[in-house]
Amino acid sequence: MVIVRATRFEQMFLTGARRIKDGAVVFVGFHWPMLMARIARRLHAPHIVVVYENGIVEDRLTPVLPTSPCDLAAAEQATTCAGSLEALYMWLGAGRVQMTIVEAAIVDRYGNVNTTAVGPYLQPKVRLPGSGGGTELSSLGRDLLLVSASVNKRSYPDRVDYITSPGYLSGGQERTRLGYKPGTGPQTLVNPLGIFNFDERGEMYAAALHSGVSPEEVRASFSWPIKVKAGHAVLPEPTEDELIIIRRELAHAKERYYLLPQEFVGLGSDKLL
Amino acid sequence: MVIVRATRFEQMFLTGARRIKDGAVVFVGFHWPMLMARIARRLHAPHIVVVYENGIVEDRLTPVLPTSPCDLAAAEQATTCAGSLEALYMWLGAGRVQMTIVEAAIVDRYGNVNTTAVGPYLQPKVRLPGSGGGTELSSLGRDLLLVSASVNKRSYPDRVDYITSPGYLSGGQERTRLGYKPGTGPQTLVNPLGIFNFDERGEMYAAALHSGVSPEEVRASFSWPIKVKAGHAVLPEPTEDELIIIRRELAHAKERYYLLPQEFVGLGSDKLL
Amino acid sequence: MSTGEKPILTMQETVRRYAPDGQELLIGGFAFSDPTALAHELIRQGRKGLFIMKTSGGVLVDQLVGAGCVERVLSCHVWNSVGPVPAYCFRRALEQGKPHPIQIEELSYGAFTMALLAGACDLPFMPTTPVQGAGHFTQRTFLPDKFGVIENPFGGGPVCVVPPLKPALGVFHVQRADKYGNAQMFGPTGEMRPAMAACKKLIVVAEELVDTAAIRERPEATVAPGFMVDAVVVEPWAAHPTDSYGYYYRDLHHHALYGEMSRTEEGFQRYVDEWIIATGNHAGFIAKLGKERVAELQLRKAGW
Amino acid sequence: MSTGEKPILTMQETVRRYAPDGQELLIGGFAFSDPTALAHELIRQGRKGLFIMKTSGGVLVDQLVGAGCVERVLSCHVWNSVGPVPAYCFRRALEQGKPHPIQIEELSYGAFTMALLAGACDLPFMPTTPVQGAGHFTQRTFLPDKFGVIENPFGGGPVCVVPPLKPALGVFHVQRADKYGNAQMFGPTGEMRPAMAACKKLIVVAEELVDTAAIRERPEATVAPGFMVDAVVVEPWAAHPTDSYGYYYRDLHHHALYGEMSRTEEGFQRYVDEWIIATGNHAGFIAKLGKERVAELQLRKAGW
């Protein structure tokens with residue numbers, strides 16, 4: 001008996017987490033991807049092995065959610081603590097990681113992610129943090145999943161002002177031509193609206209939508225006329241058990257100083273369901 | 001009161017050891033260089049820091065003489081155990097090592113060392129072990145000291161059949177032209193006859209001789225007409241105390257399965273002086 | 001680069017002696033083991049015109065920028081990862097030129113790692129992940145040669161390469177060191193091993209000074225043999241509010257406090273006055289944190 | 001490359017399953033941690049035509065060559081470092097083609113390390129020390145592309161580069177592993193970290209199997225995370241007569257014994273018969289060594 005339906009933000013975590021296969025080695029980037037991997041561990045994928053850019057191998061649910069890949073809460077009782085040469089090149093670059101998850105705060109038609117600067121680089125309107133290992137995750141990651149919690153057009157420009165994490169660049173075969181490896185490049189984007197894939201030209205399209213999301217609503221959230229797959233699937237809603245887990249983890253994230261969207265700010269554990 | 005005079009083999013260790021400055025970081029290659037560094041520690045240089053190609057930093061006299069840089073007797077109680085990337089590139093290549101000592105079983109006019117093959121490479125008359133890290137030690141080592149226990153012409157050909165560890169190649173500026181770093185290349189060779197240096201064209205010449213060694217004897221030991229510096233110095237003989245130390249270490253080397261020249265094979269500790 | 005005993009310096013003396021105005025300075029840490037104590041002392045001594053290199057420029061770089069110490073930054077990101085909230089000073093500097101404009105040059109973390117590896121090995125370049133088409137490949141400010149592209153001599157297309165980085169001075173936080181400068185880190189090391197080896201001069205800031213006998217028990221953890229180290233600073237809690245593996249947790253509350261205060265120029269100035277200037281030194285900073293907070297965050301009560 | 005529990009195999013089963021005739025095989029160790037137990041089992045099972053890659057080819061490679069198992073060797077040297085005495089079988093093979101000719105290709109240790117690093121990182125090449133003019137630069141047998149020379153794109157002349165090595169199979173001796181394949185080494189690691197990561201399939205031969213809890217106590221010592229490992233062999237004393245840091249010393253006497261016996265073809269055959277074939281497996285080999293010798297060499301009585 002679902003008393004409160006899942007919000008789309010919550011739906012996003014379920015949809016993304018479901019794509020994580022139990023037992024996979026997953027390279028997890030900063031922020032929502034970390035929470036998503038944690039939720040997957042709680043739901044159906046307890047045996048994933050998570051690797052982070054600093055060289056941590058996190059093989060089990062950590063006692064607390066790390067606030068970033070460099071929060072050493074992730075390293076407590078780790079089986080391996082190595083370095084970035086291992087993580088970014090020997091594990092990620094060499095294809096030993098089966099899935100890569102990166103947050104895509106601003107992402108364009110061809111899956112290029114901007115986490116650096118909005119507006120001119122030297123005189124930015126909004127200056128964002130920059131790449132970190134995000135460039136490598138997008139450059140080298142196999143089965144690359146992008147995650148965005150936004151449904152705002154400004155988060156989905158036709159072309160980003162600055163490519164921090166390269167997607168399909170200008171589309172077509174540009175990525176391959178420049179020497180990027182086969183099997184790399186974004187495969188999927190998950191956001192509060194549903195699942196998006198990339199066509200053979202590297203252009204993003206809506207492949208499956210969350211319950212209640214209309215193609216019109218999707219189009220209204222993107223700056224370009226995004227295609228919606230004809231006869232797109234409708235993604236399943238969380239069961240009550242799933243929703244309990246997602247909300248517990250969101251509440252935990254808040255305890256760990258994660259800034260949640262407005263609707264969750266006042267969320268206490270009494271409001272879990 | 002010297003009862004038995006030092007042999008030239010013993011002299012060689014004293015002469016070589018004296019070139020090792022206390023407190024220096026010294027990259028030590030296989031065999032006699034290891035014994036030489038150990039003797040230097042006993043004599044005047046207790047504070048040298050020895051590094052080996054496998055990543056060991058050996059900062060004090062080890063309880064026993066390692067039989068090779070990879071005899072982990074060298075690593076017992078080491079302050080650092082790293083790897084070959086650190087040792088060969090970050091310490092040696094980057095110039096953090098002040099002195100490098102390499103055995104030069106066969107060495108030619110221009111300081112090129114052969115530890116690979118005598119005769120045609122594919123049909124060798126004598127097949128030797130090969131490079132190991134010897135190439136890097138000669139390619140990258142600063143203040144490079146070559147050590148040879150031989151006084152046999154075959155050990156000093158005009159040109160080696162195979163350059164395992166590059167000296168000045170064909171002489172002149174060839175080494176520099178090919179991209180070798182400034183400050184590298186053999187500086188000195190020590191053998192039972194004395195000390196040899198290299199002129200501005202990279203050619204070896206006798207710079208200082210052990211007591212009783214004549215220029216004629218030097219010339220007879222080399223396959224090319226080697227130059228002997230006019231008014232060359234005569235190197236000091238070991239004192240009794242020095243000789244005791246050298247002989248103790250040679251006896252210890254024998255216990256550690258080192259094969260000593262014939263004159264030492266029967267050496268017991270009762271014959272130390 | 002020498003052997004033997006190394007000077008054991010206070011942070012004040014270190015900054016005075018090694019970090020004049022305009023110093024080129026690689027600061028260690030990757031949002032853990034960030035040597036905050038160094039940044040605070042640079043601010044106390046009013047340094048100007050620094051060229052700061054830091055892979056992960058967190059609160060530490062934000063404070064140096066906000067306090068006007070910095071002319072150039074080379075980094076792979078600058079942020080306050082708890083929350084996350086913006087690195088407000090960094091934003092104000094780049095968006096509005098406040099307190100004064102700074103120059104920024106960027107590398108991705110992988111490329112930064114490889115540039116440091118090339119520097120550490122004294123090799124002329126290192127190959128890196130393909131980044132052609134990415135902004136930091138195209139956009140170059142004060143390092144016009146930060147990337148090159150060459151043909152693979154073994155066939156197979158273009159290859160991105162980075163030139164070596166050899167910072168004039170590096171200061172790194174480590175868990176422990178001995179009087180010879182042998183420095184050990186535990187937990188993940190990010191790019192720190194090659195980064196330390198890339199620096200022309202190297203200072204380690206250790207949580208504790210230990211006997212060499214302790215170093216010998218864990219020789220695999222020695223990230224810098226003593227001969228690479230020029231001086232040692234012993235400064236407990238030097239990395240707070242970031243974490244130090246095995247020693248203390250990340251202080252989330254303090255990250256949030258800083259995020260809140262640094263939202264405005266005035267708030268940032270109040271943070272500097274209250275937490276950096278008024279505390280006098282890092283021991284004063286930790287005293288201001290209070291025993292209770294310190295006890296909450298502390299992991300290790302005894303040695304390893 | 002997968003997660004979860006890995007097969008714990010005997011050496012017999014490992015050789016049967018993973019190392020057929022003609023196998024391309026990188027063997028770990030650098031005159032320490034040489035997995036002798038592997039070589040002996042390859043000899044017992046009569047393997048032919050192997051392509052052996054080993055940075056430091058000691059007694060182990062000499063035995064494989066002498067026993068006729070090898071077609072190709074890629075190495076940076078082959079010797080019996082105690083004494084030293086020649087690697088007689090290796091010499092006989094190259095000088096006289098006995099028991100049959102082998103092909104040899106050589107790299108210096110630094111170049112080998114860089115080739116493995118390139119393989120580990122899946123990068124198209126790595127720069128290396130200058131080796132132009134050296135014999136192993138000029139002399140190429142079955143790896144004609146083992147070196148390349150390119151112009152430094154940042155100026156400053158020619159640069160030697162090596163292409164990646166990605167061995168089809170790697171077998172490495174480690175001190176300990178858990179059932180998930182997490183493998184730990186202590187002491188120096190030579191080129192082993194990148195070498196393990198360069199291999200397409202990877203098997204570790206551990207002195208002991210430990211609980212994952214023990215692995216978690218020393219995460220810095222994990223040289224191969226479990227997801228890189230295909231199978232685990234638990235074989236105490238697997239590296240004898242070479243040494244295993246913290247576990248046992250190098251057996252000088254046995255090195256000398258082998259040196260003496262391998263001086264002639266007949267002597268070598270006697271060594272094979274007595275020490276390899278008649279012993280049946282590595283436990284038999286160690287039993288033949290005798291308890292007294294084992295006690296002399298043993299370092300570690302309990303776990304770390």
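Residue numbers start from 1 in every chain, and the chains themselves are labelled A, B, ... in the order their sequence lines are given, proteins ahead of strands. Only this structure's heavy atoms are used, side chains among them; waters, hydrogens and symmetry mates stay out.
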- Task: Flag the one option from G130(A), G132(A), G83(A), S139(A) with the top tally of heavy-atom pairs under 4.5 Å to chain C.
- Result: G132(A)

- Which portion of Y249(C) sits near chain A, non-hydrogen atoms under 4.5 angstrom: side chain

- Message: Looking at R176(C) and E207(C), is any side-chain nitrogen of the basic one under 4.0 Å from a carboxylate oxygen of the acidic one?
- Response: no

- Query: So which of P166(A), A75(A), A253(A), A87(A) has the largest heavy-atom pair count under 4.5 angstrom toward chain C?
  - Reply: A75(A)

- Please state whether the side chain, the backbone, both or neither of S56(C) comes within less than 4.5 Å of a heavy atom of chain A. neither

- Which of G83(C), G57(C), G97(C), A87(C) touches chain A most, by non-hydrogen pairs under 4.5 Å: G83(C)

- Relative to chain A, which segment of P84(C) carries a heavy atom at a distance below 4.5 Å: side chain, backbone, both, or neither? both

- When heavy-atom pairs shorter than 4.5 Å are enumerated against chain A, which of V85(C), L94(C), T138(C) gives the highest number? L94(C)

- Counting heavy-atom pairs under 4.5 angstrom with chain C, the leader among G55(A), G179(A), P66(A), S68(A) is S68(A)

- Item | Top of H253(C), Q96(C), R193(C) for chain A proximity - count of heavy-atom pairs under 4.5 angstrom | H253(C)

- Message: Counting only non-hydrogen atoms closer than 4.5 Å, does L85(A) touch chain C with its backbone (N, CA, C, O), its side chain (CB onward), both, or neither?
- Response: both

- Heavy-atom distance under 4.5 Å to chain C: side chain of L128(A), backbone, both or neither? backbone

- Query: Hey, what's the ring geometry for Y248(C) with W237(C), parallel, tilted or perpendicular (30° and 60° as the breaks)?
  - Reply: parallel

- Counting only heavy atoms closer than 4.5 Å, note whether V160(A) contacts chain C via side chain, backbone, both or neither. neither

- Which of L88(A), V50(A), L140(A) passes side chain to side chain contact (heavy atoms under 4.5 Å, CB included) with F27(A)? Answer is L88(A)

- Regarding E191(C) and Y109(C), is there a side-chain donor-to-acceptor distance under 3.5 Å anywhere? yes

- Could E203(A) and R109(A) be called an ion pair, given the rule that one side-chain N must be under 4.0 Å from one carboxylate O? yes

- Contact winner vs chain C - L122(A), T135(A), N112(A), heavy-atom pairs under 4.5 Å: T135(A)

- Query: Looking at V149(C), T55(C), T113(C), N80(C), which makes the most heavy-atom pairs under 4.5 Å with chain A?
  - Reply: T113(C)

- Message: Any carboxylate oxygen within less than 4.0 angstrom of a Lys/Arg side-chain nitrogen, looking at D34(C) and K54(C)?
- Response: yes

- Note on the structure: Applying a strict 4.5 Å limit to non-hydrogen atoms, the region of E95(C) in contact with chain A is both

- Could you verify whether a donor N or O on one side chain and an acceptor N or O on the other, from T141(C) and E105(C), lie under 3.5 Å apart? yes

- Message: Can you confirm whether Q173(A) is buried at CD, in the sense that more than 12 heavy atoms of other residues, nucleotides or ligands lie under 6.0 Å from that atom?
- Response: no

- Message: Please rank G157(C), G110(C), G156(C), A134(C) by heavy-atom pairs under 4.5 Å with chain A and give me the top one.
- Response: G110(C)

- Message: Heavy-atom cut-off 4.5 Å, strictly under: side chain, backbone, both or neither for Y52(A) against chain C?
- Response: neither

- Note on the structure: Most contact-rich option vs chain A, by heavy-atom pairs under 4.5 angstrom, among V159(C), L107(C), T128(C), is T128(C)

- Item | Side-chain ion pair, D161(A) and K125(A), N-O less than 4.0 Å | no

- Query: Is the Y162(A) ring parallel, tilted or perpendicular to the Y121(A) ring (thresholds 30°, 60°)?
  - Reply: parallel

- Task: Just say parallel, tilted or perpendicular for the rings of W32(A) and F9(A), cut-offs at 30° and 60°.
- Result: perpendicular

- Determine, step by step, whether T116(A) and T164(A) satisfy the side chain to side chain donor-acceptor pair (under 3.5 Å) criterion, reporting the C-alpha distance in whole Å, the side-chain angles of both residues, the deciding distance to 0.1 Å, and the verdict. CA-CA 6 Å; T116(A) 302; T164(A) 310; 2.6 Å; yes

- Item | Interchain contact, R175(A) with chain C, by part (heavy-atom threshold 4.5 Å) | neither

- Query: With a 4.5 angstrom heavy-atom cut-off, which part of L117(C) approaches chain A: side chain, backbone, both or neither?
  - Reply: side chain

